[in-house]
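Notes follow the structure.
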Amino acid sequence: TLTDKLGQVFKKLRGHGRITESNITEALREVRIALLEADVHLKVVKEFLERVKEKALGQEVLTSVTPAQQFIKIVADELVNVLGSYTSELDFSGKPPAVIMLVGLQGSGKTTQAAKLALFLRNKKRKPGLVCLDIYRPAAYDQLKKLSAQISVPFFEYEKPKDPLNIAKESLIFADKVGVDTLIFDTAGRLHIDQELMDELKALRNNIKINEVLLVVDSMIGQEALNVAEKFNQEVKLTGLILTKLDGDARGGAALSAKSVTGVPIKFIGVGEKLNALEVFHPHRMASRILG
Amino acid sequence: ILGKSVIDDVVWEELETLLITSDVGIETSSTIIKNLRKQNFKDTASLKKGLIDEITKLLVPYSQTIDFNRNKPFVIMVVGVNGVGKTTTIAKLAKYFVDKNKKVVLGAADTFRAAAIEQLEIWAKRLGVDIVKQKENADPAAVAYDSLQYTKAKDYDVLIIDTAGRLHTKSNLMEELKKIKRVLQKVSMDYPDETLLILDATLGQNSINQAKVFTESINATGIIMTKLDGTAKGGVLINVVTSLRIPVYFVGVGEGIDDLEIFDARSFAEGLFE
Ligand SMILES: Nc1nc2c(ncn2[C@@H]2O[C@H](COP(=O)(O)OP(=O)(O)OP(=O)(O)O)[C@@H](O)[C@H]2O)c(=O)[nH]1
Ligand SMILES: Nc1nc2c(ncn2[C@@H]2O[C@H](COP(=O)(O)OP(=O)(O)OP(=O)(O)O)[C@@H](O)[C@H]2O)c(=O)[nH]1
Ligand SMILES: [Mg+2]
Ligand SMILES: [Mg+2]
């Protein structure tokens with residue numbers, strides 16, 4: 001583990017008074033390796049190491065902990081600092097229905113997370129409704145409809161799918177009619193470089209009052225997490241992130257890349273395929289997971 | 001990287017950046033760079049060609065085509081973690097075989113995920129191929145067995161079995177896949193002729209864990225890497241293929257039925273520079 005490796009590096013530090021530029025270089029190199037193995041983007045790793053170095057230099061080597069423990073604490077604290085507070089605060093302000101839109105790459109877990117969010121909100125005594133804006137993927141509508149039925153949440157039914165903007169507008173009427181106070185929009189998976197589909201999201205954002213736009217990111221994603229998060233944020237202005245499939249063994253460095261480039265909070269994590277597998281994001285847990 | 005013509009430390013660093021940000025991984029990148037340093041390139045243009053040659057050389061032994069005529073029916077089982085593109089790739093594979101005048105059957109053995117059967121049914125209908133399915137939550141091994149019996153009874157050529165996505169860390173789900181294999185082996189020890197592991201090009205180093213576990217548990221015999229139409233380069237494939245020695249048959253380059261290409265080592269290597 002990183003702690004063991006740093007233990008080796010800092011064996012030589014015993015008896016020295018301070019953490020200095022020279023004795024920290026090797027330690028930083030070990031952290032660099034750990035973060036890159038965790039899929040944190042190289043650019044984000046470089047910036048992160050600079051900040052850790054600044055924080056660590058000149059610190060007194062404490063006698064109550066080993067230098068490795070002290071250094072790891074600096075690294076972990078800085079990670080937690082970047083990853084942000086635990087909050088699953090969602091904005092429900094304005095005239096109902098509040099609208100939460102899920103966006104992201106193909107297969108990241110949007111449809112499943114949409115249903116999980118609906119269950120989460122129902123348990124918080126809100127009245128959620130689910131809307132399928134994915135008119136492309138075979139059986140996308142059936143998938144969300146089945147999930148809605150599993151959790152007894154109203155699902156906006158329509159016959160011939162027109163375009164997502166049309167469906168979205170009609171779902172607002174549906175919400176009023178059936179007493180839904182929070183609509184969750186499931187959108188089609190799309191590439192951040194598909195301008196036509198990014199414009200489709202822009203049109204939704206510009207024509208419907210949307211309270212939350214959450215980017216759903218597969219925690220196993222690699223270096224591209226940075227570019228994907230940045231592009232989605234530029235095109236559609238995100239309000240939060242959901243990191244999925246954390247029940248696996250991916251280190252999830254994408255959390256650091258996506259959070260640092262967008263500045264928006266990680267609001268939830270997906271930890272399984274069942275609809276109750278949605279948790280509030282805990283930065284400390286994520287930090288130790290990333291460090292390995 | 002090739003703005004300047006002289007190879008200096010800045011160029012080596014840019015090369016490392018290129019490899020790491022392409023998900024090649026830190027260890028594999030450093031091995032590739034070590035090998036390139038030994039070769040004394042005279043300028044950056046030949047260094048670039050050297051890198052493409054190096055990666056091509058690593059991957060070419062594993063760039064193979066499926067020998068689907070070696071058995072009848074030829075049985076393919078498709079596996080992988082959640083959301084990587086198994087079901088869509090099966091549709092593309094079916095088209096590949098249909099275009100070669102093969103009679104194809106699809107086995108809807110993902111009996112777990114909401115509307116998984118409906119999703120495959122739509123593809124079957126679009127392709128004009130038969131699909132064998134049971135109710136949602138039926139035993140996947142039973143569906144696999146049924147689809148094999150159906151394919152044999154009809155004397156069709158290729159059976160492609162879809163399975164539910166599953167994380168390799170879930171041992172009970174890996175057991176489920178082993179059971180599907182055992183049930184097929186009851187009919188013939190040849191079966192399945194291919195166990196295709198689907199890897200998603202956008203994923204990072206976790207693909208190595210996926211490939212290791214899927215190979216160890218159920219012996220993946222080939223790889224298809226999807227979503228190479230995005231910006232991800234799929235660099236982790238180099239480590240996966242060379243350490244596990246599994247062939248790569250195809251790459252997925254889009255969401256449509258024709259978006260399947262035969263894997264080409266050199267194009268993949270050149271893709272790192274796009
Ligand atoms: N293990 C695990 N699987 C998940 C999680 N969230 C979603 N999945 C699975 O990931 C796969 C893809 O989920 P979907 O919800 O269909 O993904 P999507 O983003 O809507 O996909 P597209 O609409 O095609 O872009 C399914 O097999 C889900 O069951 C999670 O937190 N953990
Ligand atoms: N851009 C792109 N999208 C793809 C590709 N292959 C599959 N997809 C998309 O990825 C998403 C998931 O595809 P599926 O075929 O449902 O994936 P799966 O592995 O069967 O998912 P589960 O059964 O839920 O585990 C869909 O939106 C597909 O259209 C590809 O090569 N390129
Ligand atoms: Mg979906
Ligand atoms: Mg599937």
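Across Q119(B) and R137(A), no two heavy atoms sit closer than the pair OE1-NH2, 3.4 Å.
A side-chain donor-acceptor contact under 3.5 Å links D23(B) to the backbone of Q223(A).
No salt bridge links E224(A) with K233(B); every basic N to acidic carboxylate O contact stays at or beyond 4.0 Å. A salt bridge links R32(A) to E16(B): one of the charged nitrogens lies within less than 4.0 Å of a carboxylate oxygen.
Only the side chain of D218(A) comes within contact range of chain B, judged by heavy atoms closer than 4.5 Å. Residue contact with chain B, scored on non-hydrogen atoms closer than 4.5 Å, is absent for K231(A). The contact between D39(A) and chain B is made entirely by side chain atoms (from C-beta outward), counting heavy-atom distances below 4.5 Å. Only the side chain of V81(B) comes within less than 4.5 Å of a heavy atom in chain A; its backbone stays farther off. Heavy-atom distances place both the backbone and the side chain of I33(A) under 4.5 Å from chain B. Only the side chain of I193(A) has a heavy atom closer than 4.5 Å to any heavy atom of chain B. Heavy atoms closer than 4.5 Å to chain B are found nowhere in D194(A), neither backbone nor side chain. Looking at E273(A), only its side chain comes within 4.5 Å of chain B, counting heavy atoms on both sides. Residue E121(B) does not touch chain A at all, counting heavy-atom pairs closer than 4.5 Å.
Contact count versus chain A (heavy atoms, under 4.5 Å) is highest, among D229(B), V84(B), D200(B), for D229(B). Across A139(A), G248(A), A254(A), P138(A), the residue that shares the most heavy-atom pairs under 4.5 angstrom with chain B is P138(A). Top candidate by heavy-atom pairs under 4.5 Å with chain A, chosen from N209(B), I122(B), L167(B), L203(B), is L203(B).
The environment of CZ in R289(A) is crowded: more than 12 heavy-atom neighbours from other residues, nucleotides or ligands sit within 6.0 Å. In this structure, K46(A) places its NZ atom where more than 12 heavy-atom neighbours from other residues, nucleotides or ligands lie under 6.0 Å away. For K267(A), the NZ atom is densely surrounded, since the number of other residues' heavy atoms within 6.0 Å is greater than 12. Under a cut-off of 6.0 angstrom, the local environment of CD in Q195(A) is crowded, with over 12 non-hydrogen atoms contributed by other residues, nucleotides or ligands. With a 6.0 Å radius and a threshold of 12 heavy atoms from other residues, nucleotides or ligands, E27(B) has its CD atom at or below the threshold. The neighbour count for K202(A) NZ, taken as heavy atoms of other residues, nucleotides or ligands under 6.0 Å away, is above 12.
With rounding to the nearest 0.5 angstrom, the CG atom of L36(A) is 4.5 Å from the CD1 atom of I26(B). With rounding to the nearest 0.5 Å, the separation of CD in Q205(B) from CZ in R251(A) is 10.0 Å. Annotation: the span from K170(B) atom NZ to D249(A) atom CG amounts to 11.0 Å, rounded to 0.5 Å.
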_Could you walk me through whether K146(A) and E118(B) satisfy the salt bridge (Lys or Arg N to Asp or Glu O under 4.0 Å) test, starting with their C-alpha distance in whole Å, then the side-chain angles of each, then the deciding distance to 0.1 Å, before giving a yes or no?_
CA-CA 11 Å; K146(A) 282 201 178 180; E118(B) 287 86 329; 2.6 Å; yes

*Test side-chain hydrogen bond (donor to acceptor under 3.5 Å, both in side chains) on T231(B) and H192(A) and set out the steps.*
CA-CA 9 Å; T231(B) 52; H192(A) 51 303; 3.0 Å; yes

